[in-house]
Amino acid sequence: MDRIHLAQVPRNNQGKISYSSIPSMMVRVMVAEEELSVLRRRVKRHHDVRDRLHISEEELAGLEGHIADLEEKLAEWRALVE
């Protein structure tokens with residue numbers, strides 16, 4: 001398995017991915033990589049108001065903060081896996 005579908009991962013009551021509910025560190029890494037891919041693609045497309053993925057500047061700032069946190073966690077998890 002080389003790709004995780006984000007619809008299949010556990011989520012908390014706010015709809016965010018619940019990494020603490022994923023027992024396997026390797027699966028956490030795979031889920032985080034996929035989520036980062038999706039978030040980066042969304043940030044990349046935010047500037048086009050005609051794009052269905054267009055987001056406001058406020059939401060963009062929140063996404064960038066989430067991306068930074070997720071990158072930090074991903075680095076820790078990768079270190080644990082290796």
Side-chain angles (χ1 to χ4, degrees):
M1 173 175 28
D2 58 313
R3 185 150 186 225
I4 297 286
H5 294 280
L6 296 180
Q8 299 173 329
V9 298
R11 297 187 180 263
N12 62 20
N13 59 359
Q14 297 172 339
K16 295 184 179 183
I17 294 174
S18 176
Y19 287 97
S20 61
S21 298
I22 303 172
S24 168
M25 197 58 64
M26 188 62 196
V27 174
R28 280 186 195 186
V29 168
M30 292 172 69
V31 169
E33 288 171 343
E34 184 65 20
E35 184 181 15
L36 274 174
S37 171
V38 169
L39 292 174
R40 286 180 179 141
R41 189 168 50 245
R42 191 150 184 227
V43 166
K44 183 178 171 183
R45 295 175 62 177
H46 90 280
H47 64 280
D48 185 356
V49 293
R50 295 170 296 164
D51 194 326
R52 64 181 179 82
L53 293 178
H54 174 75
I55 56 176
S56 68
E57 293 298 320
E58 293 171 359
E59 191 176 351
L60 176 64
L63 278 180
E64 289 174 337
H66 182 61
I67 288 172
D69 292 341
L70 193 55
E71 286 174 336
E72 186 178 312
K73 288 179 186 175
L74 182 58
E76 291 174 20
W77 296 334
R78 281 183 178 150
L80 291 173
V81 169
E82 295 174 355

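Here the structure is a predicted model, which is why all the values come from computation and not from measurement.
W77 places none of its side-chain heavy atoms less than 4.5 Å from the side chain of E33. Looking at L6 and R11, their side chains come closer than 4.5 Å, going by heavy atoms from C-beta outward.
Ion pairing between a basic and an acidic side chain is recognised when a charged N comes within 4.0 Å of a carboxylate O; R42 and E59 show such pairing. Salt-bridge formation is not detected for the pair K16/E35: no Lys NZ or Arg NE/NH1/NH2 atom is positioned less than 4.0 Å from an Asp or Glu carboxylate oxygen.
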Checklist entry - Should L70 and Y19 be marked as a side chain to side chain contact (heavy atoms under 4.5 Å, CB included) after you check the CA-CA gap, both sets of side-chain angles, and the distance that decides it? => result CA-CA 10 Å; L70 193 55; Y19 287 97; 3.7 Å; yes
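With sequence neighbours excluded, the residues that form a side chain to side chain donor-acceptor pair (under 3.5 Å) with E34 are R3. Every residue two or more places apart in sequence or in another chain was checked for a side chain to side chain donor-acceptor pair (under 3.5 Å) with S37, and none qualifies. When the side chain to side chain donor-acceptor pair (under 3.5 Å) test is applied to E76, no partner is found at least two apart in sequence or on another chain.
The structure places CZ of R78 at 15.0 Å from CZ of R28, a figure rounded to the nearest 0.5 Å. The CG atom of N12 sits 9.5 Å away from atom CD1 of I17, with the distance rounded to the nearest 0.5 Å. The structure places CZ of R45 at 12.0 Å from CZ of R50, a figure rounded to the nearest 0.5 Å.
The shortest heavy-atom contact between R40 and I67 is N-CD1, 4.3 Å.
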